[in-house]
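Comments concern the structure below.
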There are 2 protein chains.
Amino acid sequence: MKKDATNHVKTRNPGAAEKRSTKEPVAPLPPISVGLLPNLLGYNVRRAQIALWRDLIRSLGERKVRPAVFSLLVLAEANHGIAQIQLANQLDVDKATIVGLIDRLQKQKWVTRKQSTVDRRRQGIYLTALGKRELEKLKRTMIEHEARFTRLFSADELMQLIGFLRRIHP
Amino acid sequence: MKKDATNHVKTRNPGAAEKRSTKEPVAPLPPISVGLLPNLLGYNVRRAQIALWRDLIRSLGERKVRPAVFSLLVLAEANHGIAQIQLANQLDVDKATIVGLIDRLQKQKWVTRKQSTVDRRRQGIYLTALGKRELEKLKRTMIEHEARFTRLFSADELMQLIGFLRRIHP
DNA sequence: TATTGTTATACTCTATAACTATA
DNA sequence: TATAGTTATAGAGTATAACAATA
């Protein structure tokens, strides 16, 4: 029923006004009070994240890549042969989750696993040539997506905002 | 494997240093480069949201209430007899999702449904006396949770931050 | 005994589609 | 014909637990 949702996070509404802009219905829904919600930091962060997330999903949509995969590819590119446990630690997800993501990426031939010679428990992750090319495209998509939001802020404001957010996730 | 996770969102790590603080392992994991991730607005919002979400889950934990339910109760309290479709619009989730949440709350005797006399399609939502009492407790929990994060900011900074976030989710 | 990777399983949150009853 | 609510189903994202190989 919700329009643009492709994800577990609820749909942001660029059309919040839709309902109100149509002809006045017979028994209109009365306006509601939103209570204390808008003053809560957590509520606002959550709503912002949902707005960003949905835009990102829409942007990545055609590429069938999910946000987590993008982060993973960026890390893999910056760290040739990174161990899966390191990806898990850095992205703050369980290692079992990483295995699933890598499995898919490997099937797509975007990454390969190669056993480490230093510690044979480790399966180093390497981007393939295809993976690198695709990541470059993804980065462009990501930059466009970011721009749609960062342009809401001056350079100073953006620095401030990111600084604030880092205090929350130290 | 991840410690405090009770949720689909990945675990924030107050113990990120754990791995490094133990005795130096035989073949230590090499330090990694995080690439461009920390400069992305979306990445930082997501990480902040996860940190807040996990703390909230932990705080609400014993009460077996989820964050979405809290918002719903606040709205129901501020709007006696609110229609489920209004809850869905305000919280930006599908109406089918709201039905599920209300079903549980009704089983717990925290809310009741009552058919509207104005428009009999509507099932107005009302907090029970029990629901009101529980919500008061929840609010205290929520305030403590919020305080753990808002104290990271001065009053001015907090106003600024919330203002920034509202630009992102208009 | 601890760690890396793996498999199998299950849970939370949410959406989609089709339906009923009312309007 | 449209809207509020409902039901049934599915999917994304993630965790947990148990295990093998290696350290």
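Chain letters run A, B, ... following the sequence lines, proteins first, then strands; residues in each count from 1. A quick note: this is a predicted structure, and the numbers were derived from the prediction, not measured.
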For B/F164, ring pair (Phe, Tyr, Trp, His ring centres under 6.0 Å) partners two or more places apart: A/F153
SB check B/R167 A/E157 (cutoff 4.0 Å): yes
First encountered from the 5' end of DNA chain D, between B/I102 and A/R104: B/I102
Residue whose nearest DNA chain D nucleotide is more 5′ - A/T117 or A/P67: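 Counting from the 5' end, the first nearest nucleotide belongs to A/P67.
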Would you tell me if any nitrogen or oxygen in the side chain of [X] comes within less than 4.0 Å of OP1 or OP2 on [N]?
| X | N | value |
| --- | --- | --- |
| A/R120 | C/dT4 | no |
| B/T97 | C/dC13 | no |
| A/Q115 | D/dA21 | no |
| B/R122 | C/dA21 | no |
| B/R66 | C/dC13 | yes |
| B/Q86 | D/dA4 | no |

Measure from [atom1] on [X] to [atom2] on [N] and round the result to the nearest Å.
| X | N | atom1 | atom2 | value |
| --- | --- | --- | --- | --- |
| B/Q84 | D/dT3 | CD | P | 17 Å |
| A/L101 | C/dG5 | CG | P | 14 Å |
| A/Q123 | D/dA20 | CD | P | 17 Å |
| B/Q49 | D/dG13 | CD | P | 14 Å |
| A/L87 | D/dG13 | CG | C1' | 17 Å |
| B/D94 | D/dT6 | CG | P | 13 Å |
| B/K95 | D/dA8 | NZ | C1' | 14 Å |
| B/L29 | D/dA23 | CG | P | 14 Å |

Under the side chain to side chain contact (heavy atoms under 4.5 Å, CB included) test, residues paired with B/T97 that sit two or more places apart: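 B/V93, B/D94.
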Touch class at under 4.0 angstrom, heavy-atom based, for A/A96 against every strand present: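 Answer is base: heavy atoms of A/A96 come under 4.0 Å of a base.
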B/V99 side chain, from C-beta outward: closest of D/dT6, C/dG5, C/dA23: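 Side chain of B/V99 sits closest to D/dT6.
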Donor-acceptor pair under 3.5 Å, A/R121 side chain vs C/dT3 base: yes
Side-chain donor-acceptor contact under 3.5 Å, A/Q115 with A/R122: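 Side-chain D/A pair, A/Q115 to A/R122: absent.
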Donor-acceptor contact below 3.5 Å, side chain A/T128 vs main chain A/W110: yes
